[in-house]
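Below is one structure; the comments refer to it alone.
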Number of protein chains: 2
Amino acid sequence: MEIPPVVIDRLPLYTRALSSLQTEGRDVVSSQELGTRLGVTPAQIRKDLSYFGRFGKQGRGYNVQKLLDELHRILGLDRQWRMALVGVGKLGRAILGYEGFSPQGFRIVEAFDASPDRIGQRINSLIVKDTRDLENVLSKAPVDVGIVAVPAEFAQDVIDTLVKCGVRGILNYAPIAAHVPDGVHLKRIEPVLALQSMTYYLKSSPRPTITAARG
Amino acid sequence: MEIPPVVIDRLPLYTRALSSLQTEGRDVVSSQELGTRLGVTPAQIRKDLSYFGRFGKQGRGYNVQKLLDELHRILGLDRQWRMALVGVGKLGRAILGYEGFSPQGFRIVEAFDASPDRIGQRINSLIVKDTRDLENVLSKAPVDVGIVAVPAEFAQDVIDTLVKCGVRGILNYAPIAAHVPDGVHLKRIEPVLALQSMTYYLKSSPRPTITAARG
DNA sequence: AAGGGTTTGTGCTCACAATTACAAACTTCG
DNA sequence: CGAAGTTTGTAATTGTGAGCACAAACCCTT
Ligand SMILES: NC(=O)c1ccc[n+]([C@@H]2O[C@H](COP(=O)([O-])OP(=O)(O)OC[C@H]3O[C@@H](n4cnc5c(N)ncnc54)[C@H](O)[C@@H]3O)[C@@H](O)[C@H]2O)c1
Ligand SMILES: NC(=O)c1ccc[n+]([C@@H]2O[C@H](COP(=O)([O-])OP(=O)(O)OC[C@H]3O[C@@H](n4cnc5c(N)ncnc54)[C@H](O)[C@@H]3O)[C@@H](O)[C@H]2O)c1
């Protein structure tokens, strides 16, 4: 059975909410409550989950721990994922310093750059290596995912190189319509595109008058 | 007429490709070529554009400059957009230093933080101000969009404050399911969610053997 | 143990978005 | 100028996903 990609995209949302609930000490949650928290209809959640099995109990809801485990298994989050960062500029350094990846099992194990200024630099117990050594390094210690944070004009080349090294997942921050062969999975992070579609909705309605924020 | 949000989300892609073509000195482009570049079917592009008018010429294609102008007008990109950044940490500084916003008409005109270390600091000709002054500052000089780059636990509060200040667009980098009232438009940037759905596809197919990258 | 209250899982319906297909309009070239 | 070749815009069709509604299953209280 083929599962709709939109469904897959929603599952991580569910895991995140379930993690919160777990931290709050909750044992059980209904699709109703989960939906309210996430801004999704309860029916949508139940339908999504039903693609993979029957995880709930009627009259009760879902066991938080159990559903979390199931979703981790389904999404492949029950293991570590090795990642390589290419481009250690302003954004690249923020990504390297980001504490949000490792708790979810994503580890940046290599960092590459083309600039002599950056190569050899130590950032967070990681030595920045020369992009030209990318193939050699990754052939010895493969990674699952490549994070691309180089200027737009070099991004497609970097992606091609990563693909040649057997990387099957690309997280691309560069503002280009990148091309990857079948079997390679590409996700784009595009704040500018997000803003440019948002303005469509902002432009019509007027900026509201602000009730003076005194005191 | 109500235009499907997916259509609006694709328009910025078109503008970006058209800008490239313009730089390349091209006068005219067909939906065919545009589609190939973007990985979208030509019919999809024609259908999307037809929501807004008839911009092409049969047997010829679209005038690059004209279509670009039309799309800019449609999306509200024919003006400047004022933005405020909240959270000048690792990511926030990368955002402040990003050169990709202003060419598209997006200007960060204020930056706020809560930490005494950051407040008063000058970054790119911008003085970081105290979050507690956010309402006062924005009531005098309103912004259109708020960029949220604070830790997850403070994000909803920051968003609520921004909304109270009349901000109608939020670009949220914090990993939470934020809630905003009707009329406020929220876009999320979520690399971790992107990775967590990607692994669903990566987990099944095996890591390919690498054809030794010698020489 | 029985009944009232919850909540799941899913068949069904409806809405909408993608694709197809083609006439009409334009270009180019002989 | 006419014919062959392009390409648009859109009507019609297909495909797909979201929401509804309800039977079945379970909890809890008395
Ligand atoms: N900074 C942001 O907030 C932000 C936001 C969205 C997107 N982006 C995108 O991310 C990318 C990087 O942005 P940035 O602000 O960090 O730019 P930057 O100029 O600070 O960093 C780019 C880095 O890439 C390196 N580089 C160049 N060519 C390379 C190659 N072939 N291989 C390896 N490294 C190479 C450079 O040496 C530099 O260190 C750009 O495409 C940008 O559009 C940045
Ligand atoms: N760094 C990344 O690549 C990255 C990627 C994705 C998402 N994020 C998210 O972006 C946010 C920031 O990440 P970061 O790595 O820059 O963290 P960081 O700790 O470096 O920066 C957070 C900043 O926010 C400030 N702050 C805290 N509370 C505030 C408040 N109420 N008002 C104003 N400022 C406040 C802090 O003083 C600090 O300067 C986090 O939510 C993180 O999950 C970061």
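All chains are named by letter (A, B, ...) in the order of the sequence lines, taking the proteins before the strands, and each is independently numbered beginning at 1.
Distance CG (A:Asn63) to P (C:dT7): 15 Å, rounded to an integer number of Å. Taking atom CD of A:Gln32 as the reference point, atom C1' of C:dT8 lies 13 Å away to the nearest angstrom. Nucleotide D:dA18 holds its P atom 14 Å from the CD1 atom of A:Ile3, rounded to whole Å. Taking atom CD on A:Gln44 and atom C1' on D:dT16, their separation rounds to 13 Å, with Å as the unit. Going from atom CZ of B:Phe52 over to atom C1' of D:dG9 covers 15 Å, rounded to whole Å. Atom CG in A:Asp27 sits about 16 Å away from atom P in C:dT7, given to the nearest Å. When rounded to the nearest whole Å, the span between OH of A:Tyr51 and C1' of C:dT8 equals 17 Å. Rounded to a whole Å, the CD1 atom of B:Ile45 is 14 Å from the P atom of C:dT20.
Salt bridge status for B:Lys187 with B:Asp9: present, with a side-chain N to carboxylate O gap under 4.0 Å.
Nearest nucleotide to the side chain of B:Ser30, out of D:dT7, D:dC28, C:dA18: D:dT7.
Considering every non-hydrogen atom in both A:Ile95 and A:Tyr173, the closest pair reads CD1-CE1, 3.5 Å.
Contact annotation: A:Ser31 does not reach the phosphate of C:dT7 (side-chain N/O to OP1 or OP2, under 4.0 Å).
B:Glu33 places none of its side-chain heavy atoms less than 4.5 Å from the side chain of B:Tyr62. Counting only heavy atoms from C-beta outward, the side chains of A:Leu67 and A:Tyr14 never approach each other to under 4.5 Å. Side chains of A:Gln22 and A:Gln65 form a contact here, defined as non-hydrogen atoms less than 4.5 Å apart. The shortest distance between side-chain heavy atoms of B:Val28 and B:Lys57 does not fall below 4.5 Å.
In terms of position along DNA chain D, the nucleotide closest to A:Asp48 lies nearer the 5' end than the nucleotide closest to the other residue of the pair A:Arg60 and A:Asp48.
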*Before giving the answer on side chain to side chain contact (heavy atoms under 4.5 Å, CB included), spell out for A:Leu38 and A:Gln44 the whole-Å C-alpha distance, their side-chain angles and the decisive distance to 0.1 Å.*
CA-CA 11 Å; A:Leu38 293 171; A:Gln44 176 100 82; over 6 Å; no

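Using a 4.0 Å heavy-atom criterion, one finds that B:Val7 contacts no nucleic acid atom at all.
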Within the sub-3.5 Å range, which N or O atoms of nucleotides 13-15 of chain C have a protein N or O partner, and how far apart are they?
none

Which pairs, protein N/O on one side and nucleotides 9-11 of chain C N/O on the other, fall under 3.5 Å?
unit_1: C:dG9; atom_1: OP1; unit_2: A:Phe55; atom_2: N; d: 3.1
unit_1: C:dG9; atom_1: OP1; unit_2: A:Gly56; atom_2: N; d: 2.9
unit_1: C:dG9; atom_1: OP2; unit_2: A:Tyr62; atom_2: OH; d: 2.6
unit_1: C:dG9; atom_1: N7; unit_2: A:Arg46; atom_2: NE; d: 2.8
unit_1: C:dG9; atom_1: O6; unit_2: A:Arg46; atom_2: NH2; d: 3.1

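Geometrically, A:Lys47 does not engage A:Tyr51 in a cation-pi contact, judged by NZ or CZ lying under 6.0 Å from the ring centre and within 45° of the ring axis.
A parallel orientation is assigned to the rings of B:His185 and A:Tyr201, their planes being inclined by less than 30° (bins at 30° and 60°).
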